[in-house]
J.: 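Sharing a structure here in structure tokens format.
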Amino acid sequence: MIRIAFFGTPEFSVPFLTALVDDPAFEVVAVVSQPDRPQGRNHEIVPTPVKSVALDHQIPVLQPTTLRDESVLATLLALNADYFVVVAYGKIIPQAVLDVPRLGCVNVHPSLLPKYRGPSPMNWAIAEGDAKTGVTIMLLDAGMDTGPILSQTSIGLDSDETMDTLMAKAHEQGVPLLIDTLKRFATGEIVPVAQNDEAATMTKLLDREDGRIDWTLPMEVIERRLRAYQPWPGLWTVWMRNGVETRIKIHSLQPSDFRADLPPGTVSTKNSRLHVDCSDGTIEILELQPEGKPRMSAEAFLLGYSDVNGAMLG
RNA sequence: CGCGGGGUAGAGCAGCCAGGCAGCUCGCCAGGCUCAUAACCUGGAGGUCGUCGGUUCAAAUCCGACCCCCGCAA
């Protein structure tokens, strides 16, 4: 049996972990996850998704605050692991840890490396309107997603692709690829291939301000971001209503054939429809959510907030 | 004890601060008008005002407890 320590934290990592657990060729001897942190509305301490699954399978869980620690290193060494498998762990892994497993540290990166090194590669692929992205299985080295590639699978992006659907595809194709790659690399069937650094691109970490709609952008870009920025940071805008900033989340929109031809960010309503102009046309908002309220259709919103007509959003 | 908004007719909201007939827009039902409509007119049904308790002559409104929904933050 191939001995594996699994490094991962969010929901995205879970299918990879469960597949390893379920495969008789592997023994997952430990799981390393980020420390539990206060979360949610009352700052409750919630276990990470990966930790929960590990506990369900009676797998020992480590949650070190740092991997640069002698006792942590000693614990990892004692696992006598063949692989460390890293899927969205959330922290840089220092060289001393990379050197621990016999066969190496294998990372799952959801892009076609060397394109989109760095965080949020799937968000980026959707936001850029790419026709395809993929999943890369690679060996970690000291750089940011710079290690040699073991295997890769390509994923076609649909015109209505969202993070939900893309993650499902990444799991569908990436999980079996990981399993297969781990087995074949262990037997020497796979030779790592260095990345072409000249073709590399980097993504930046999304932050909450990325979700704030810039209405001076074209419709197409705004629409892509709506699909790319789910579930976080989402897409939102601000309505100055009677001197009070009201934040409004946009859940669904579409380009409109109606042309209001107003300055970007200006709201116009017509026949129970909600339109906002951007740089190259008029967008119809279909579903939205004022802060403190549940999400609702534009039609419902207009019944209670008819004064939005003519407002300038930003 | 992280900060904050909300629960009022099927939907979205106002009324609450300052207690005194339960409102608005839409939908629904019936009828009318029109060549015509996501139009217009007339009439109508639909509510334990989240729950429980307290104060009061009187509570959607004030006080207390609880339940539920949501935004932020992390």
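All values reported here derive from a predicted model rather than from experimental measurement. Each chain gets a letter, A, B and so on, in the order its sequence line appears, and its residues count up from 1.
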J.: What residues, two or more places apart in sequence or in another chain, satisfy side-chain hydrogen bond (donor to acceptor under 3.5 Å, both in side chains) together with A/Q63?
T.: A/D36, A/K51
J.: In whole angstroms, how far is the C1' atom of B/C3 from the CZ atom of A/R247?
T.: 14 Å
J.: Between B/U61 and B/G54, how far apart are the C1' atoms? Round to whole Å, please.
T.: 15 Å
J.: What residues in residues 281-293 of chain A put a non-hydrogen atom under 4.0 Å from any atom of RNA chain B?
T.: A/Q289, A/E291, A/G292, A/K293
J.: How far, in whole Å, is B/C49 from B/G2 if one measures between their P atoms?
T.: 33 Å
J.: Using a 6.0 Å cut-off, check whether atom CD of A/E189 has over 12 heavy atoms from anything other than its own residue.
T.: yes
J.: Using a cut-off of strictly less than 4.0 Å between a heavy atom of the residue and any atom of RNA chain B, enumerate the qualifying residues of residues 230-245 of chain A by number.
T.: none
J.: In the structure shown, which nucleotide is the Watson-Crick or G-U wobble counterpart of B/C13, with both distances under 3.5 Å?
T.: B/G23
J.: Output the residues of residues 295-303 of chain A in contact with RNA chain B, where contact means a heavy atom of the residue under 4.0 Å from an atom of the strand; sort by number or write none.
T.: A/M296, A/A300, A/F301, A/L303
J.: Need the pair for B/U56. Rule: Watson-Crick or G-U wobble, both distances under 3.5 Å, any strand; none if unpaired.
T.: none
J.: Nearest whole Å is fine: how far is B/C72 C1' from A/R212 CZ?
T.: 14 Å
J.: Below 4.0 angstrom, which residues in residues 305-314 of chain A have at least one non-hydrogen atom near RNA chain B?
T.: A/Y305
J.: Does OP1 or OP2 of B/A74 have a side-chain N or O of A/R208 closer than 4.0 Å?
T.: yes
J.: I need the residues from residues 34-46 of chain A with at least one non-hydrogen atom less than 4.0 Å from RNA chain B; give them sorted by number, or say none.
T.: A/P38, A/Q39, A/G40, A/R41, A/N42, A/H43
J.: Give a yes-or-no answer on whether the side chains of A/T266 and A/D277 include a donor-acceptor pair shorter than 3.5 Å.
T.: no
J.: Mind checking who B/U42 pairs with, Watson-Crick or G-U wobble, both distances under 3.5 Å?
T.: B/A30
J.: Apply side chain to side chain contact (heavy atoms under 4.5 Å, CB included) to residues A/F26 and A/K183 and explain how you reach the verdict.
T.: CA-CA 9 Å; A/F26 303 110; A/K183 288 176 182 173; 3.7 Å; yes
J.: Could you check how far CZ of A/R273 sits from P of B/C26, rounded to whole Å?
T.: 18 Å
J.: Give a yes-or-no answer on whether the side chains of A/T162 and A/Q230 include a donor-acceptor pair shorter than 3.5 Å.
T.: no
J.: Is the closest basic N to carboxylate O distance between A/R102 and A/D82 below 4.0 Å?
T.: yes
J.: Per the salt bridge (Lys or Arg N to Asp or Glu O under 4.0 Å) rule, which among A/R227, A/K169, A/K132 passes with A/E161?
T.: A/K169
J.: Rounded to the nearest 0.5 Å, what's the gap from CD1 on A/I4 to CD on A/E27? Could you check?
T.: 10.0 Å
J.: When you compare the side chain of A/H57 with that of A/V53, does any pair of heavy atoms fall below 4.5 Å?
T.: yes
J.: If the plane angle is over 60° it's perpendicular, under 30° parallel, otherwise tilted; pick one for A/F7 and A/F84.
T.: tilted
J.: Under a 4.0 Å N-O cut-off, is there an ion pair linking A/D130 with A/R224?
T.: no
J.: Which base sits across from B/U61 as a Watson-Crick or G-U pair, both distances under 3.5 Å?
T.: none
J.: Please state the C1' separation for the pair B/G46 and B/A22 - nearest whole angstrom.
T.: 13 Å
J.: As an exercise, state the distance from CD1 of A/I248 to CZ of A/R241, rounded to the nearest 0.5 Å.
T.: 8.5 Å
J.: If you apply the rule side chain to side chain contact (heavy atoms under 4.5 Å, CB included), what do you find for A/M163 with A/N123, and how did you get there?
T.: CA-CA 7 Å; A/M163 279 299 286; A/N123 305 79; 3.6 Å; yes
J.: In whole Å, measure the gap between the P atoms of B/G53 and B/A58 for me.
T.: 16 Å
J.: One pair to check against side chain to side chain donor-acceptor pair (under 3.5 Å): A/T48 and A/T9. What are the steps and the verdict?
T.: CA-CA 6 Å; A/T48 70; A/T9 301; 5.4 Å; no
J.: Is any NZ, NE, NH1 or NH2 atom of the basic residue among A/K204 and A/D210 found under 4.0 Å from an Asp or Glu carboxylate oxygen of the other?
T.: yes
J.: Verify the ring-centre separation between A/Y116 and A/H109: is it less than 6.0 angstrom?
T.: no
